[in-house]
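We count ligands from 1, going down the list as the structure has it; atoms in each ligand are counted the same way. We number each residue from 1, following the sequence as shown.
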Amino acid sequence: MSTIIITGASKGIGKATAAMFIEAGHDVYNISRTACDLADINNVAIDLASSEAESPVSQFVNDIEAGQIHLIHNAARLTSESVRDIEIDAFRSTIDINIVAPQVLNRALLPKMQAGSSIIYIGSTLSEKAVANSYSYVVTKHAMIGMMRATCQDLAGSGIHTTCVCPGFTNTEMLRAHVGESQEVLDSIAGGSTFGRLIEPDEIAGTIVFATENAVLNGAVIHANLGQIES
Ligand SMILES: NC(=O)c1ccc[n+]([C@@H]2O[C@H](COP(=O)([O-])OP(=O)(O)OC[C@H]3O[C@@H](n4cnc5c(N)ncnc54)[C@H](OP(=O)(O)O)[C@@H]3O)[C@@H](O)[C@H]2O)c1
């Protein structure tokens, strides 16, 4: 049995991932602002957008036993704004949740992570390309790949592996909140994949679980997007 720590497992991809690990008999912790309603999950309420997340994170980590730990950096914020108009406080706050919080957790947990552990970063298709009006998200999702690659190099010889899983359009609250509930818009987004549909959270969850189990993926960027149609 491993210890699984997932940020943002109260819903969406994180919750689907937590469900798979619980089903497999692991000890699963969710860090988010609201609780996950899965049975047998350990909820830890922390606002990862807060510049003061370090203290509650270290309190939580104190109670975690050393061993095989899989740390999944999944929580993120997606907002609409451009390079022309993003408020600096809003930019800082997105950097806090999308980039700083993963590092707060890395630093606190690494001393307890033994060989066979992993750190999985959740990127996005927007980790390697940009679209207009999602400035802070594009910037921070590009950073996820940099963090994963630097983690891979810094942990050489530790037996801990790392991977960045980059989902495409997945049927979650984050996507619906960003594009709205219009079925027409959702259909058009779905039409951008070679399968003509949105990805289900379970499909990304399965990819994340696979990444934790396979050290050969150390340093890899895994594109999990159903094949995007190139225009
Ligand atoms: N859905 C997509 O199309 C898509 C595509 C590419 C990449 N991704 C990536 O996949 C990951 C999961 O996305 P999702 O679509 O599953 O999103 P989601 O359904 O909106 O879930 C986001 C999770 O992050 C948590 N979270 C948000 N702000 C937080 C904060 N300040 N402190 C602590 N937790 C916070 C939320 O919990 P609380 O609200 O309870 O705090 C929730 O559990 C993200 O990294 C996202 O960038 C998603």
*Could you point out which residue of Asn106, Ile119, Thr162 forms a side chain to side chain contact (heavy atoms under 4.5 Å, CB included) with Leu155?*
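Answer after filtering Asn106, Ile119, Thr162: Ile119.
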*asked:* Can you tell me which residue among Val28, Leu71, Ile69 is in a side chain to side chain contact (heavy atoms under 4.5 Å, CB included) with Thr3?
replied: Ile69
Sub-3.5 Å N/O-N/O distance, [X] and ligand 1:
X	answer
Leu48	yes
Tyr137	yes
Arg33	yes
Thr125	no

*Is there at least one protein heavy-atom neighbour under 4.0 Å from atom 5 (C) of ligand 1?*
yes
Candidate with minimal heavy-atom separation from [atom], of [options]:
atom	options	value
atom 3 (O) of ligand 1	Asn98, Leu175, Thr170, Val165	Thr170
atom 37 (O) of ligand 1	Ala18, Gly8, Ser10, Ala76	Ser10
atom 45 (O) of ligand 1	Ile31, Leu78, Asn74, Ile204	Asn74
atom 18 (P) of ligand 1	Arg176, Met174, Met144	Met174

[X] heavy atom under 4.0 Å from ligand 1:
X	result
Lys11	yes
Asp47	yes
Gly123	yes
Ala177	no

Considering only heavy atoms, does [X] approach ligand 1 within less than 4.0 Å through its side chain, its backbone, both, or neither?
X	result
Lys141	side chain
Ile13	both
Ile46	backbone
Ile97	side chain
Ala9	backbone

For residues 189-201, run the donor-acceptor check on the side chains, cut-off 3.5 Å, and write out each pair with its distance to 0.1 Å, sequence neighbours left out.
unit_1: Ser193; atom_1: OG; unit_2: Phe195; atom_2: N; d: 3.1
unit_1: Ser193; atom_1: OG; unit_2: Gly196; atom_2: N; d: 3.2
unit_1: Ser193; atom_1: OG; unit_2: Arg197; atom_2: O; d: 3.4
unit_1: Thr194; atom_1: OG1; unit_2: Leu226; atom_2: O; d: 2.6
unit_1: Thr194; atom_1: OG1; unit_2: Gly227; atom_2: O; d: 3.3
unit_1: Arg197; atom_1: NH1; unit_2: Glu203; atom_2: OE1; d: 2.9
unit_1: Arg197; atom_1: NH2; unit_2: Glu203; atom_2: OE2; d: 3.0
unit_1: Glu200; atom_1: OE2; unit_2: Asn171; atom_2: ND2; d: 3.3

Atom [atom1] of residue position [X] - does it have more than 12 heavy atoms of other residues, nucleotides or ligands inside 6.0 Å?
X	atom1	result
Phe60	CZ	yes
Arg107	CZ	no
Glu54	CD	no
Asp40	CG	no

*Euclidean distance, Thr17 OG1 relative to Ile22 CD1, rounded to 0.5 Å*: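 These two atoms lie 10.5 Å from each other.
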*Starting at CD1 of Ile46, measure out to CG of Asn30 and round the result to the nearest 0.5 Å.*
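Here the interatomic distance stands at 10.0 Å.
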*Mind checking whether Met144 and Val104 sit in one hydrophobic cluster, side chains of I, L, V, M, F, W, Y counted as touching below 4.5 Å?*
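Both belong to a single hydrophobic cluster.
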*Give a yes or no on whether Val221 and Ile160 share a hydrophobic cluster (residues Ile, Leu, Val, Met, Phe, Trp, Tyr; joining criterion: side-chain heavy atoms under 4.5 Å apart).*
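Same cluster.
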*Does the side chain of His70 come under 3.5 Å of the side chain of Ser118 through a donor N or O and an acceptor N or O?*
yes
*For the residue pair Thr151 and Tyr121, confirm or rule out a side-chain donor-acceptor distance under 3.5 Å.*
yes
Of all the non-hydrogen atoms in the protein, which one sits nearest to [atom], and at what distance?
atom	answer
atom 26 (N) of ligand 1	Ala75 CB, 4.0 Å
atom 34 (N) of ligand 1	Ser32 CA, 3.6 Å
atom 40 (O) of ligand 1	Thr34 OG1, 2.4 Å
atom 15 (O) of ligand 1	Thr172 OG1, 2.5 Å

*asked:* Using the ring pair (Phe, Tyr, Trp, His ring centres under 6.0 Å) criterion, which residues pair with Phe21? Sequence neighbours excluded.
replied: His26
List every atom of ligand 1 that sits less than 4.0 Å from any heavy atom of [X], numbering the atoms from 1 in the order shown and giving each element.
X	value
Ala49	31 (N)
Phe169	3 (O)
Gly12	16 (O), 19 (O)

*Given side chains that start at C-beta, do those of Ile72 and Ile122 come closer than 4.5 Å, heavy atoms only?*
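Result yes, sub-4.5 Å side-chain heavy-atom pair found.
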